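Reviewing the structure listed below.
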Amino acid sequence: IHYSHKHKDKYKDKEHKHKDHKKDKEREKSKHGSRYWMGMKSLDGKVKKEKENGFASPPHMKIEPEEDFYHSPKLAKSLKRERDDDNDLDFKPKKIKTENDKKAKKRKQEDEFLFLFLWEEERYTDGVKWKFLEHKGPVFAPPYEPLPSNVKFYYDGKPMKLSPEAEEVATFFSKMLDHEYTTKDIFRKNFFKDWRKEMTSEEKAKITDLKKCNFTEMSEYFKGLSEARKAMTKEQKLKIKEENERLLQEYGFCIMDNHRERIANFRIEPPGLFRGRGDHPKMGMLKRRIRPQDIIINCSKNSKHPEPPPGTKWKEVRHDNKVTWLVSWTENIQGSIKYIMLNPSSRIKGEKDWQKYETARRLKKCVDRIRAQYREDWKSKEMRVRQRAVAIYFIDKLALRAGNEKEEGETADTVGCCSLRVEHIKLYPENEGQEYVVEFDFLGKDSIRYYNKVPVEKRVFKNLQLFMENKEPDDDLFDRLNTSVLNKHLQELMDGLSAKVFRTYNASITLQQQLKELTNEDENIPAKILAPPKTFEKSMQNLQAKIDAKRDQLANAKRDLKAAKADAKGLRDDKSKKTVETKRKAVQRIEEQLMKLEVQATDREENKQIALGTSKLNYLDPRISVAWCKKWGIPIEKIYNKTQREKFAWAIDMAEKDFEF
DNA sequence: CTTGAGACTTAGGACACCCATC
DNA sequence: GATGGGTGTCCTAAGTCTCAAG
């Protein structure tokens, strides 16, 4: 399944039926439900691993007894035991377990499940996310360093010394001079407007036209700096690396409950020019510098609170254990809140991820019912029900996003399912030998184009015609529907169901099916099994062959053209002139065709990279891959790199070879 | 029902780094 | 030692979804 919106491949209609599943799904949860955040993630295991990679050991973490209240002694024991067997991070051949081992293991897991249950009970029913949280606060962006006096800004050809405030903003622009952003009108307009706000009144009076501004000296200066950085000696580079590591050790971790956890983004975003994606109306605006008085700190009451830099104050220190963030501030472009949160390897994120896949697995159990339901609803007397049913069909079949409405003029004009407009689809009763084809063409998330032509059920087609009747191109396709109505309905169909669950479910179930289908038992060479699907490689090869053929054809055509030219020179008659023209046209045409093929090839390559990368991280239940690895004796490192293994630690620990999504 | 705030996940692009190759 | 392609990491934008208030 390709989860890029870019893809042009048709989404194969999946089999909607599933085999009956054993009733022991619930037991499965209990069986494998819970080890990782107790053992796997314990400090000792981690320290060992990091040492092997040349990192310094993190300071020993003291576990406060009063923070330990939800650990039963029994669990403390199992925790310790876990550490021992989790120290073997490399994949050695699995020990053969004796019956006793198995029983013991099972007992232990049952204990742990009970623990998890209580623990979950305590944490999740009331929305409490942690009991103890301590951290050192954010790392601020380094202060602005004024330019050396020999680096000048010119206005209207004459050098001009800027005030530090104006100069800083000017440097932001100068650093982007090579970027095509700076050629865009909106970018320039927004930048200039915000820049002028930073100017003194004299500067403001003088600098009235961006076209007369010359930033090249500044730009060259920064290029020089970055060259110099690249050219640094090994020792200098090492020193910087060490300093970064020190900063990471000091600010990059927090203590949440009994774990020292990695923080995802402990550095505050530096000031700069806003870079929106696509046609963003706010591109080029000044992203202001964040100061301590903008910052809200969140931590335990009984923790050591982070200190603001000397002479400054935090905006607020609060103790809200119903949220997971450590630091927040309000950003000035959209006025939205930004957060510092934990790394995906943390317990709190891992658990949420796990929960997400469990929801998707519950969808698996009732997806047939839900599909039958929306098909039924295509016939409803009520317009809103029909629209809802068609929308869910798109979300399910095409993996469209929900499509919240957005404030006009605040962001790029992009859409998802519920916000599709009439102009985004075309209906073809017949197209290329297929009936009832819908052509989608719109910009989705991140302004990435979604283009797809799909045959749909006749009823869907007729409904779409109905929805489009008497509408303008810029009217909503689903005028009786929005994401909140949609999700409310989905929630009624299944607890925890929302639009995005379909993406998770469909991606994961497809992976599982494909692995089953494509894994060849006899093909024992792991590398062979792990290569990207042969169908992909094959289609790529075919495409490459086409490209090569085209190249040859082009070479021939060029030779013909040359020959024709030579003829024409000698003969100088109309006929040979005409031949030259024809040949020239042929060359041009072939060149165009070649270009097209090449674009297609890179597209396809990119698709593989981008789409699969994103799916791997966000949509595919890692337990499927882990189980597959365990089943076929494939080292997990072949599938997941270090970061991914950290993120999916819960799954690596939890899934046995018989795991079924 | 509508709106907006808030919290959280998903996403692409820039950049650093590594290693093979010239 | 340049170069360039591939991978991993960082950064932060752009989504989703829930909840509460009007």
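If you're wondering where the values come from, they're calculated on a predicted model, not measured in any experiment. Each chain gets a letter, A, B and so on, in the order its sequence line appears, and its residues count up from 1.
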What is the nucleic acid contact for Tyr339(A), judged by heavy atoms within less than 4.0 Å: base, sugar-phosphate only, or nothing? base

salt_bridge(Glu492(A), Lys488(A)) N-O dist < 4.0 Å: no

Toward the 5' end of DNA chain B, which comes first, Asp353(A) or Asp320(A), by nearest nucleotide? Asp320(A)

Given dT9(C), dT12(C), dT18(C), which nucleotide is nearest the side-chain atoms of Asn487(A)? dT18(C)

Would you mind classifying the nucleic acid contact of Gly276(A) as base, sugar-phosphate or nothing, using non-hydrogen atoms under 4.0 angstrom? sugar-phosphate

Closest to side chain of Lys445(A), choosing from dC17(C), dA14(C), dG6(B): dA14(C)

Closest approach to the side chain of Arg277(A), judged atom by atom: which nucleotide of dT10(B), dT18(C), dA14(C) is it? dA14(C)

Between Tyr181(A) and Lys356(A), which residue's closest nucleotide on DNA chain B lies nearer the 5′ terminus? Lys356(A)

Which of dA11(B), dA13(C), dT16(C) is nearest the side chain of Ala402(A)? It is dT16(C)

On DNA chain C, does the nearest nucleotide to Gln334(A) precede the nearest nucleotide to Val501(A) from the 5' side, or the other way round? Give the residue. Gln334(A)

Please confirm whether the backbone N or O of Ile290(A) pairs with a side-chain atom of Asn332(A), one donor and one acceptor, at under 3.5 Å? no

Of all the choices, dT16(C), dA11(B), dT12(C), which nucleotide is nearest to the side chain of Pro270(A) once you look at every atom? dT12(C)

Counting side-chain heavy atoms from CB outward, which of dC17(C), dA11(B), dT9(B) is closest to Lys352(A)? dT9(B)

Give Gly416(A) one of three labels, base, sugar-phosphate or nothing, depending on what nucleic acid heavy atoms sit under 4.0 Å from its own. nothing

Single hit among Leu398(A), Val501(A), Asp396(A), Leu511(A) for side chain to side chain contact (heavy atoms under 4.5 Å, CB included) with Asn506(A): Asp396(A)

From dA14(C), dA14(B), dA7(B), pick the nucleotide closest to the side chain of Val323(A)? dA7(B)

If you only use heavy atoms from C-beta on, which nucleotide in dT9(C), dT12(C), dG6(B) is closest to the side chain of Asn641(A)? dT9(C)

Heavy atoms from C-beta onward define the side chain here; which of dT16(C), dT12(C), dA7(B) lies closest to that of Asn265(A)? dT12(C)

Is there a donor in the side chain of Asn641(A) and an acceptor in the side chain of Glu637(A), or the other way round, less than 3.5 Å apart? no

Checking contacts here: which listed nucleotide (dC8(B), dC17(C), dG12(B)) is nearest the side-chain heavy atoms of Lys129(A)? dC8(B)

Check this for me, if you would: do Asp185(A) and Arg188(A) make a salt bridge, where the nitrogen-to-carboxylate-oxygen distance has to be below 4.0 angstrom? no

